[in-house]
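Quick note: numbers below take in every heavy atom, side chains included, and nothing from hydrogens, waters or symmetry partners. Within every chain, numbering begins at 1; the chains are lettered A, B, ... in the order of the sequence lines, protein sequences first and strands thereafter.
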Number of protein chains: 2
Amino acid sequence: MQTDGQLVVVALGGNAIQKPGEKGTATEQRANIMGACRHLASLINKGYRLVLTHGNGPQVGSILLQNEASKDQVPAMPLDICGAQSQGFIGYMFQQSLRAAMAEHGLDLPVATVVTQTLVSTDDPDFSDPSKPIGPFYSEEEALVLAREKGFVVKEDAGRGWRRVVPSPDPLGIAERDAIRQLVDAGVVVIASGGGGIPVIEEEDGTLCGIEAVIDKDLAGERLAQDVGADGLMILTDVPRVAINFGAPDERALDRMTLAEAERYAAAGHFRAGSMKPKVLAGMRFVQSRADRWSVIAGLQSAEEAVDGRAGTRIVAG
Amino acid sequence: MQTDGQLVVVALGGNAIQKPGEKGTATEQRANIMGACRHLASLINKGYRLVLTHGNGPQVGSILLQNEASKDQVPAMPLDICGAQSQGFIGYMFQQSLRAAMAEHGLDLPVATVVTQTLVSTDDPDFSDPSKPIGPFYSEEEALVLAREKGFVVKEDAGRGWRRVVPSPDPLGIAERDAIRQLVDAGVVVIASGGGGIPVIEEEDGTLCGIEAVIDKDLAGERLAQDVGADGLMILTDVPRVAINFGAPDERALDRMTLAEAERYAAAGHFRAGSMKPKVLAGMRFVQSRADRWSVIAGLQSAEEAVDGRAGTRIVAG
């Protein structure tokens, strides 16, 4: 097993697995994942050790829809269980594809998915004003029934209909950190913290309890990166670099940002909530945690260049 | 971490998670799993090291029903992906409950679920005559449409309607054996090979490919037990002991069977296919693999006695 080389946590967006406009068939998702895994296998072939985390937005959305559509026949499962299902589903597809992509380089490393719970606190301010829309769209009438009968918080979503909203609290730690660390240290390519991990709170007696929330996968990936002692955090998305003045005539893509610059840009509102903002925040936190750590936000297609500092936006200490 | 003591693979039936007659709500399944975990935690408290595997029949059945009911809105997923989802779902619930049950003894061992693929061969005779019914019941007309349009093999099921049948091939090995072994050796309580594992075949180039089949969880648990170097294989079910002449006036429950006796009883048709037969076969294979290994088939409620040889049916070399 390969245990030298820098350890990098790669966070891959759910849209890299099910692309916008696709129906989300198994065939489409497998093809997308195989494409992503070719980039990951190239990184491994360069000598990097990888831990992979991934989004699950489209997949957990489909599972919620399936639960909703068949609730008269099969009891609908709560959000934490749907998230666990999506981890099994996506992790399984990555296990197979990553192995196949590594085989193209003659590499044969063990790969494993660990079902991951992420610790959050109900003191998080997001619990008092949930903001993350999930699942299907409803009419106002349906939404108000769900609010009354199930206690869902519902909000009107930009003229497209009503949706359930849940809190998106800050991740505090990875419950399976010891197990994941053991595997990483043994040279296993680990897939963990899928969809940001299943959000759980720790009761006073130390037991964990799943809650109805979602966790940003980049912020959870950053916790994971700290927990496994990674050297780098690579956030792969569908734009090549972080930009300031995004969408305006003076838009400018950045090759690198110092922590001070990133903080200034974030405070000035350059990064969109739920999109680039948590990615930049995750990168900043990781670089802040230890001076020799690096972070890069890049397009999936240029992962090989980005890991060497030749693509994407690098966040550096100063 | 606790790394002394005998290593035991415990195989738990899917009916211990969703009991016959229950609707299968999350609350019901959590309560059942917590009940099972109290027994498992007692074994750990006695000093045994555990690896847990479990069935997924009712859960994957529900997932298939959900896929079927919402297929006009969400593309239905193939059986391998549904199986992966059930591993995430059930593994997650066990992770939480096992941790809570251990806490009642003041134990705090790490617990992790590994999404598991199980190797099978398409040369297996079950591929030429699939026998395992899965998913919802159909009318004859619906069944024949599915057979024509999707290539499903369908059979009439004991007057209850038509069902899809899939092969149930013999498990040949656990793809994630290295990772699971690493965790077990590090003292992690591992949940693996859920539902018998996701059935995959190994292509000539070494890549794995999911197939539409199901694997008996006890036979897969036996492969797992060999792969992790277990001392014991404990198959927990809803009857207290293995019986010969089952259901007849001269029915006799057995405290122990030698391999020779077990072979004779099996050949004489005492054990029902898909029920006690694979459990006895799994126990026999494990005991045959090394003379100092033991196997027991017992009721979940008497797990604590069975591990010490005071309940259940033990299979011994001779």
Side-chain angles (χ1 to χ4, degrees), chain A residues 1 23-26 28 62-63 65-70 72-78 80-93 95-96 99-100 103 108 110-115 117 136 175-180 182-183 186 188 190-191 194 198 200 205-210, chain B residues 1 23-26 28 62-63 65-70 72-75 77-78 80-93 95-96 99-100 103 108 110-115 117 136 175-180 182-183 186 188 190-191 194 198 200 203 205-210:
Chain A
M1 295 183 195
K23 285 184 184 169
T25 64
E28 285 169 344
S62 292
I63 293 170
L65 254 173
Q66 289 177 326
N67 272 268
E68 182 74 17
S70 59
D72 296 333
Q73 294 164 269
V74 178
M77 291 294 137
D80 57 338
I81 289 179
C82 294
Q85 285 187 231
S86 79
Q87 286 189 11
F89 165 9
I90 300 171
Y92 161 63
M93 292 197 298
Q95 276 167 244
Q96 273 186 358
R99 206 180 138 127
D108 183 24
V111 183
T113 303
V114 174
V115 177
Q117 305 173 86
E176 288 72 27
R177 54 182 288 170
D178 290 347
I180 296 168
Q182 287 288 349
L183 290 174
V188 178
V190 179
I191 301 155
I198 308 156
V200 295
D205 63 356
T207 60
L208 303 178
C209 178
Chain B
M1 294 185 196
K23 286 185 182 168
T25 63
E28 285 168 345
S62 292
I63 293 170
L65 255 172
Q66 290 177 325
N67 272 269
E68 182 75 17
S70 58
D72 296 333
Q73 295 165 269
V74 178
M77 290 293 137
D80 57 338
I81 289 178
C82 294
Q85 284 186 230
S86 77
Q87 286 190 11
F89 166 9
I90 301 170
Y92 161 62
M93 291 197 299
Q95 276 168 242
Q96 270 184 2
R99 204 179 140 129
D108 183 24
V111 183
T113 302
V114 175
V115 177
Q117 306 173 85
E176 287 73 25
R177 55 181 290 171
D178 290 347
I180 296 168
Q182 287 288 349
L183 290 174
V188 178
V190 180
I191 300 155
I198 308 157
V200 294
E203 308 277 10
D205 63 357
T207 61
L208 303 178
C209 178

Which region of [X], side chain (C-beta onward) or backbone (N, CA, C, O), has a non-hydrogen atom less than 4.5 Å from a non-hydrogen atom of chain A, or is it both or neither?
X        : result
B/Ile180 : neither
B/Asn67  : both
B/Asp80  : both

Interchain contact, [X] with chain B, by part (heavy-atom threshold 4.5 Å):
X        : value
A/Val190 : neither
A/Ile191 : neither
A/Asp108 : neither
A/Cys209 : backbone

Item to check | chain A interface, residue from B/Asp72, B/Leu65, B/Val74 that has the most non-hydrogen pairs under 4.5 Å | outcome: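 If we count pairs closer than 4.5 Å to chain A, B/Val74 comes out on top.
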
Among [options], who wins on heavy-atom pairs under 4.5 Å with chain B?
options                              : value
A/Gly83, A/Ala175, A/Ala76, A/Gly210 : A/Gly210
A/Ile63, A/Thr207, A/Ile81           : A/Ile81
A/Arg177, A/Arg99, A/Glu28           : A/Arg99

Item to check | B/Asp178, B/Val188, B/Leu183 screened by side-chain contact (heavy atoms from CB on, under 4.5 Å) with A/Leu183, the one that passes | outcome: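 The passing option is B/Leu183.
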
Item to check | For B/Thr113, the option from A/Val114, A/Thr113, A/Val115 that meets side-chain contact (heavy atoms from CB on, under 4.5 Å) | outcome: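 That would be A/Val115.
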
Item to check | Distance (rounded to the nearest 0.5 Å) between B/Gln85 CD and A/Met77 CE | outcome: 12.0 Å

Checklist entry - At what distance, to the nearest 0.5 angstrom, does CD1 of A/Ile198 lie from CD of B/Gln95? => result 6.5 Å

Checklist entry - Which atom pair, heavy atoms only, marks the closest approach of B/Gln66 to A/Pro75? => result NE2-O, 4.3 Å

Checklist entry - Do you know which two heavy atoms are closest between B/Pro78 and A/Ala26, and how far apart they sit? => result CD-CB, 3.5 Å

